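As structure tokens, the structure follows; a few thoughts come after it.
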Amino acid sequence: MNVRTRIAPSPTGSPHIGTAYIALFNYAFAKHHGGEFILRIEDTDQARSTRASEQAILDALKWVGLRWDEGPDTGGPLGPYRQSERTSIYQEHSRTLVANGAAYPCFCTAERLADLRRTQAAQGGQPGYDGRCATLSAGEASKRIQAGEEHVLRLRVPAEGECVMQDGLRGEVRIPWNKVDHQVLLKADGFPTYHLANVVDDHLMKITHVIRGEEWINSLPKHLLLYQAFGWTPPEFFHLPLLRNPDKSKLSKRKNPVSILYYQRAGILPEALINYLGLLAYSFEDDREHFTLDEMAAAFDIKRIGLGGPIFDIQKLQAFNARHLREMSPTELLSRFKTWGLNEQAWLRIIPMAQPRLNQLSDLVPLAAYLFADRPAYAPTALLAGGVDGARLVQLLRIAQWEVEKAADWTFEGIKQIFGQIAEKENMKLKQLLPPFFIAITGAAVSLPVFDSMLILGRDMTLRRIQYALENLDSQGFALKKDKLKEFEKDYHAKYGL
RNA sequence: GCCCCCUUCGUCUAUCGGUCAGGACGCCAGGUUCUCAUCCUGGUAAGGUGGGUUCGACUCCCGCAGGGGGCGCCA
């Protein structure tokens, strides 16, 4: 059998460290068996997917050293590899499902579904579709479709019994069918949901082993139902434990930097990141702890994956990185500095800003040091020196954080607009608003322009520094407690939109 | 609330019934070093809990507890 695995990221934000983690195991497994590793973009969420995010994910995965045999950029015999370009395929397949009764049209409105969920929650039961449209006659359904009534396609799920499934790492897992929702397969906009697109594509792209996050294990019954309905042999499934925050919750950006771009910018080497990731939930039979991607693939044994969710420990990642750094020759290290960003091109962006502020050539490096640091150095009380009250500053930093996350693209104009808008909505002069941001981003009240700095640092490093500032204030007793924060976020959305 | 998964040092992990429970990160101490860092040496620290099975359980089974995930026209 020709082994084929895939990574199927959704292009809805910064490239996630978890994507690299899952991709690594897929890659190692495929290459160990002399097979192919495929990259597929799951951009069926029209509202949130962007091309910029897709590109960033591709670049980030390439940066860590992963190479795919087929993908949206490299092409391949079973493309297209972008789901938004395969809608006709899904629609065609969904017709098969309706024809053989595996799926049915549903005309329920979003309001009714929200209502349904609310009452179900109130009654303390498991929320889920009640099956109202499941019993509609074919004639009735097609009449309403003809009439142009908006509808979705739902999966028909057995009412009783249980789904017995095989997980390659856990063995047999059973889930009662009545705990499986009548999943929407085709949305009203004609796009498929993850479940449909994923199954159809995995089959059409001849994926033999699906290695994915544990978050999917509960939807495996739906997927198996689809394979069965199509008359296809399902691939083997392996659900990897999820990466965690230090508090053991699922790794999230609110508690940890999760963007690969941040680690890149902070000066983590791709081979160190891969090395570290390869040690989470996995161990080599010979106990080795330092290895390259190729070495991992050569020795990879999927059965050695552990099932406890590993905590992503930045300190240990740094230790591995330090070791890789130390093992290099100075010449090699110098070239790493250049590719990392300490190069002529970067200085040409910095120097024009620095020039008016220089008295001596020797002023340049101190002035620009923060642009190459992980975090700027400043006194604990510096953030408050601008005159903005601590409690208020926490709010402003939060708003900035959300606005920066939300920004469609990362340009000077965009950044300027974000802060202009905050100043306006918060009834402040930009001059009052900005001082603490100068500290948070550059580490000093007097420095190079802050918007340009943010631009150069990149969105993820900017977010990281805002986070550092929030942590700093927290340690001084200024923070929004959980419930207050929620309330504040609500007000924020009312004020700034979604 | 319901369903599913998981459970060895603080953290990542080894152990496939018999080990002084090993390694790595962290931390502590000592050595090397003009300082510091590196590097070297040593130390610290673990089988959630209650029952079984067995001559013998970290390892197999069951209960409990704890942790995590899922329950969207998001993936």
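Order of the sequence lines sets the chain letters (A, B, ...), proteins ahead of strands, with each chain counted from 1. These numbers come from a predicted model, not from an experiment.
No donor-acceptor contact under 3.5 angstrom links the side chains of Gln183(A) and Tyr129(A), judged on distance only. No side-chain donor-acceptor contact under 3.5 Å links Asp45(A) and Ser49(A).
For Gly309(A) and Leu169(A), each mapped to the nucleotide of RNA chain B holding its nearest heavy atom, the one lying further toward the 5' end belongs to Leu169(A). Comparing Ala8(A) and Lys179(A) by the nucleotide of RNA chain B that holds the closest heavy atom to each, the one mapping nearer the 5' end is Lys179(A).
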What is the per-nucleotide protein-contact pattern of nucleotides 22-30 of chain B, from the 5' end, where B denotes a base atom under 4.0 Å from a protein heavy atom, S denotes such proximity for sugar-phosphate atoms only, and - denotes neither? -BBSS----
B/S/- contact track for nucleotides 58-70 of chain B, protein heavy atom under 4.0 Å: ---------SSBS
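The C1' atoms of U38(B) and C74(B) are separated by 48 Å, rounded to the nearest whole Å. When the P atom is compared between A21(B) and G48(B), the two are found 15 Å apart, to the nearest whole Å. Using atom P as the reference point in both A14(B) and G1(B), the two lie 33 Å apart (nearest Å). The C1' atoms of U15(B) and C58(B) are separated by 8 Å, rounded to the nearest whole Å. With both ends at atom C1', the span from C3(B) to C60(B) equals 26 Å, rounded to whole Å. With both ends at atom P, the span from A57(B) to C64(B) equals 24 Å, rounded to whole Å. Separation of the C1' atoms belonging to C34(B) and C12(B) is 38 Å when rounded to the nearest angstrom. For G47(B) and C6(B), the C1' atoms lie 15 Å apart once the distance is rounded to whole Å.
Distance, Arg212(A) CZ to C74(B) P: 18 Å, rounded to whole Å. The separation between Gln83(A) atom CD and C74(B) atom P is 13 Å, rounded to whole Å. In this entry the distance linking CZ of Phe238(A) with P of C5(B) reads 17 Å, nearest Å. Atom pair Ile311(A):CD1 and C6(B):P shows a separation of 18 Å (rounding to whole Å applied). One atom, CD of Glu111(A), and another, C1' of G72(B), lie 15 Å apart when rounded to the nearest Å. When rounded to the nearest whole Å, the span between CZ of Phe107(A) and P of C73(B) equals 16 Å. As rounded to whole Å, 9 Å separates atom C1' of G72(B) from atom CG of Asp181(A). A straight line from CG of Asn321(A) to P of C12(B) spans 20 Å, rounded to a whole angstrom.
In this structure, Arg326(A) reaches the sugar-phosphate backbone alone: every heavy-atom distance under 4.0 Å involves primed, P, OP1 or OP2 atoms, never a base. Within 4.0 Å of Cys163(A), counting heavy atoms only, lies no atom of the nucleic acid at all. Counting non-hydrogen atoms under 4.0 angstrom, Val184(A) reaches the backbone sugars and phosphates but no base.
Proximity of Thr193(A) to the phosphate of C73(B): no side-chain N or O atom is located under 4.0 Å from OP1 or OP2. Within the 4.0 Å cut-off from OP1 or OP2 of C5(B), not a single side-chain nitrogen or oxygen of Arg174(A) is found. Checking the phosphate oxygens (OP1, OP2) of U15(B), a side-chain nitrogen or oxygen of Arg304(A) falls inside 4.0 Å.
Across all strands shown, the partner of G30(B) is C40(B), judged by Watson-Crick or G-U wobble contacts whose two distances both fall under 3.5 Å. Pairing for A46(B) is absent, with no Watson-Crick or G-U wobble pair whose two atom distances lie under 3.5 Å. In a base pair of the Watson-Crick type (N1 to N3 plus N6-O4 or O6-N4) or a G-U wobble (N1-O2 and O6-N3), with each distance short of 3.5 Å, C25(B) is matched with G10(B). Nucleotide C55(B) has G18(B) as its partner under the Watson-Crick or G-U criteria, with both atom distances under 3.5 Å. Partner assigned to C74(B) is none, using Watson-Crick or G-U wobble distances below 3.5 angstrom.
Arg82(A) pairs with exactly one of Asp73(A), Leu39(A), Asp43(A) by the side-chain contact (heavy atoms from CB on, under 4.5 Å) rule, that one being Asp43(A). None of Glu70(A), His33(A), His209(A) except one satisfies the side-chain hydrogen bond (donor to acceptor under 3.5 Å, both in side chains) rule with Arg4(A); the exception is Glu70(A).
Taking 4.0 Å as the cut-off between side-chain N and carboxylate O, Arg254(A) and Glu405(A) count as a salt-bridged pair. Between Asp286(A) and Arg288(A) there is a salt bridge, since at least one side-chain N of the basic residue sits less than 4.0 Å from a carboxylate O of the acidic one. Here Asp115(A) pairs with Arg118(A) in a salt bridge; the nearest charged N to carboxylate O distance falls below 4.0 Å. Between Glu54(A) and Arg51(A), at least one side-chain N (NZ, or NE/NH1/NH2) sits under 4.0 Å from a carboxylate O, which counts as a salt bridge.
Minimum atom distance to the side chain of Leu280(A) is reached by C12(B), of the listed C73(B), C12(B), C4(B). The side chain of Val173(A) lies closest to C4(B) when the candidates are C12(B), C4(B), G72(B).
Classified by interplanar angle (parallel below 30°, tilted 30° to 60°, perpendicular above 60°), the ring pair Phe29(A)/Phe238(A) is tilted. Phe107(A) and His151(A) have tilted rings, their planes meeting at an angle from 30° to 60° on a 0 to 90° scale.
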Lys316(A) and Asp313(A): CA distance, side-chain angles, deciding distance, salt bridge (Lys or Arg N to Asp or Glu O under 4.0 Å) verdict: CA-CA 6 Å; Lys316(A) 188 160 180 176; Asp313(A) 180 2; over 6 Å; no
Before giving the answer on side chain to side chain donor-acceptor pair (under 3.5 Å), spell out for Thr292(A) and Asp294(A) the whole-Å C-alpha distance, their side-chain angles and the decisive distance to 0.1 Å. CA-CA 5 Å; Thr292(A) 64; Asp294(A) 287 346; 5.4 Å; no
